[in-house]
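Presented below is the structure to which this report refers.
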Amino acid sequence: MLKRLNDGLHDLRLDAGLPSARSIRDRIGKDAQDYWIVNHQAVLDTFQRPDLPKLGRLELIVAVLSEDAGRDDPDGEVKRFKGLWKQAYDETVAQASVQPPTEAAASGVSDEARIPTDPVDAPAQEAEEAHQQGTSADEETPPDVDEAAARVNYAEESLKGLIINAAQALWDDKDALRVFLGIVRRSEGFVRMADAVSERRPANATFYGVRSREFEVDPSPARHELVMLHRLLNERRMKLGLSFTELGNRTAVSSDEWIRWYTHKELPRRDAIVAFSHVARLTLEDHVLLLGLWDAAHEALEAQRRFDALPTRISFEEAWSMRESATPRTWVLAGVAGEEQRVCGPDLATGTAPAFVVTGPPGSGRSTALMNIALSLLAAGTRVALAAPKASPMRELADRSDVLACWVSDELGSEDLEEVLASASPDEPVVVLIDDADVLAECEARRLLESLVQHGFQEGTALVAALREDTRHLRLGWLGETVKAHRGLLLSPQERSTGDVIGVRVGDSVIGRPIAPGRGWLHLGDGKLVAVAVPG
């Protein structure tokens, strides 16, 4: 019955679109004291722990998933799962009363972990009364098992999983596997498991009822580089017949570290890679390849760390106050970096071309980013001309004193633009900002826009364009000129070719993440991508 409950819960989550633990927590909400009613770790435990979840927590999660899955009767779903929970409880109590806990430890390898079988310490009358009443809050203790017994069983299942995964990782190194299983056999309850995994390479261990690991952790941003690095290291190690013990002795890096890096798909230290290259007597080509993969993986992991450190929300006013006092009039606010809590952006009067591009898929926050840039220029007393052929928050700035024009048509005339730019000079610059710039790729003023990018430094003009994530438009008219600036903001990039828009190559660690409005990567022409949050 516990398996039916677990399977039903996973099926319901699948129908709801595989929401994350945090999104389920957010949907359940907070209490009157502004505390989460169910934290995200409690949600994870409900899906991953091999024992019976708390009834109150289960009811809240099922209610949320039923609504997201579009079930006709969410209350009915809650009642159905409550019934499954009570049946699983009865089954658990019945098994606990007749089966000693040592059987679970001696059961060996199985596809599904056992449910907790320790006897209940509480008096039977109290357990039955608690069962009849049920629980309604996340903080209440479930009546099926004692808290200490539950922790012991969970630790045991965790240890089983570690043993199975370690045996799988060490399978090709028979020396290391033999030593490892010899240690495992010292515990009498795991002898049968050790015998089983020594005869046949085991599959990945999973907890009871857990069907997908993406609910637990996000894939590494450096997954491609790490896979390649581990593959090359293992190929060279096996070719030389080096066990982890021998590798540790010859590299002066402990075998424990090598095993951990290998089994956990972690990035080894750079000095360990250098030592391995020396021991294996790699060719210069292979040595450079290994270090190149290490550098790429390290950069991707560092970029992810910086991305995770971004502020969740910051206003334009707060971010603007963080700028340096000597900021030029043509400097614009593109975003806020996380760890340093500093504002970042380009000076449009410097660089290879007086242009800057904001790009991203629909819903990524392009217009908001362009609005911040416009507000930056206006706050510094720089005159601007705005073009918004589609609905855009920039239209709200039309009445500002330093806004020379605000065109809202899907056509931009040469005479109109020329009249605005006529008053521009290096001392009194004019910046043209265009939202949905791809709409105006073939407008009448395209020659003038192209010239603006080519000769803007001399004439005191600059261009900022926001456009959708699609590199095909780069072949259209004046938009191709903006690439020469090699500067821009990539918001939630989904395609590898997106970097071409701002003249930089992007890797797997940057693209393909879920669209997060106002989160992106800033390139200022130095070849480095900086993780930033867009104020708004």
Side-chain angles (χ1 to χ4, degrees), residues 48-51 99-118 149-211 213 216-217 220 226-227 229-269 272-273 275-276 279-280:
Q48 295 176 347
R49 290 187 60 153
D51 47 11
Q99 185 175 351
T102 53
E103 285 192 26
S107 59
V109 180
S110 62
D111 294 332
E112 298 171 351
R114 289 183 177 273
I115 59 174
T117 56
D118 297 87
R151 285 195 295 270
V152 169
N153 275 273
Y154 182 61
E156 182 180 300
E157 295 302 328
S158 299
L159 183 57
K160 287 181 182 178
L162 288 174
I163 292 173
I164 292 172
N165 287 337
Q168 183 197 51
L170 297 173
W171 183 258
D172 293 325
D173 191 337
K174 299 302 182 183
D175 181 29
L177 180 64
R178 176 178 52 79
V179 173
F180 171 70
L181 293 181
I183 296 173
V184 172
R185 287 189 177 93
R186 294 177 185 175
S187 178
E188 199 172 311
F190 293 106
V191 172
R192 289 180 59 190
M193 172 182 285
D195 291 341
V197 298
S198 66
E199 296 174 2
R200 182 177 180 182
R201 186 172 190 167
N204 280 328
T206 56
F207 284 129
Y208 184 89
V210 177
R211 296 181 174 181
R213 289 189 60 82
E216 180 182 355
V217 293
S220 168
L226 282 174
V227 168
L229 181 63
H230 279 269
R231 182 182 300 167
L232 288 173
L233 286 172
N234 196 50
E235 286 177 357
R236 302 301 190 276
R237 184 177 68 84
M238 297 304 297
K239 185 177 181 179
L240 295 171
L242 291 175
S243 68
F244 284 113
T245 301
E246 293 172 318
L247 187 60
N249 292 334
R250 296 180 61 178
T251 61
V253 178
S254 72
S255 58
D256 289 344
E257 289 186 280
W258 283 110
I259 292 173
R260 190 187 79 246
W261 293 331
Y262 183 82
T263 56
H264 290 77
K265 295 294 187 294
E266 292 180 358
L267 182 66
R269 298 197 314 267
I273 298 298
F276 177 88
V279 168

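The residues of the chain are indexed from 1 along the displayed sequence. For the numbers below, each heavy atom of this structure counts, side chains included, while hydrogens, waters and symmetry mates do not.
When the side chain to side chain donor-acceptor pair (under 3.5 Å) test is applied to T245, no partner is found at least two apart in sequence or on another chain. R250 is linked by a side chain to side chain donor-acceptor pair (under 3.5 Å) to nothing, counting only residues two or more places apart in sequence or in another chain. Under the side chain to side chain donor-acceptor pair (under 3.5 Å) criterion, T251 pairs with W258, sequence neighbours left out. Residues passing the ring pair (Phe, Tyr, Trp, His ring centres under 6.0 Å) test with F180, sequence neighbours excluded: none. In this structure R231 satisfies the side chain to side chain donor-acceptor pair (under 3.5 Å) test with no other residue, sequence neighbours excluded.
With contacts defined as side-chain heavy-atom distances shorter than 4.5 Å, the pair L229/L267 qualifies. At a threshold of 4.5 Å between non-hydrogen side-chain atoms, the residues V253 and L247 do not count as touching.
Annotation: the span from S198 atom OG to R185 atom CZ amounts to 5.0 Å, rounded to 0.5 Å. Here S255 contributes atom OG and E246 contributes atom CD; the two are 11.0 Å apart, rounded to the nearest 0.5 Å.
Listed for the S187 side chain is no donor-acceptor partner under 3.5 Å among the backbone atoms of V184.
In this structure, H230 and E266 approach most closely via the heavy-atom pair NE2-O, 2.8 Å.
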If you look only at distance, which donor and acceptor atoms sit under 3.5 Å apart when one is on a side chain in residues 234-241 and the other is two or more places apart or in another chain?
residue	atom	partner	partner atom	Å
N234	OD1	R237	NH2	2.9
R236	NH2	D286	OD1	3.4
R236	NH2	D286	OD2	3.1
R237	NH1	D173	OD2	3.0
R237	NH1	L242	O	2.9

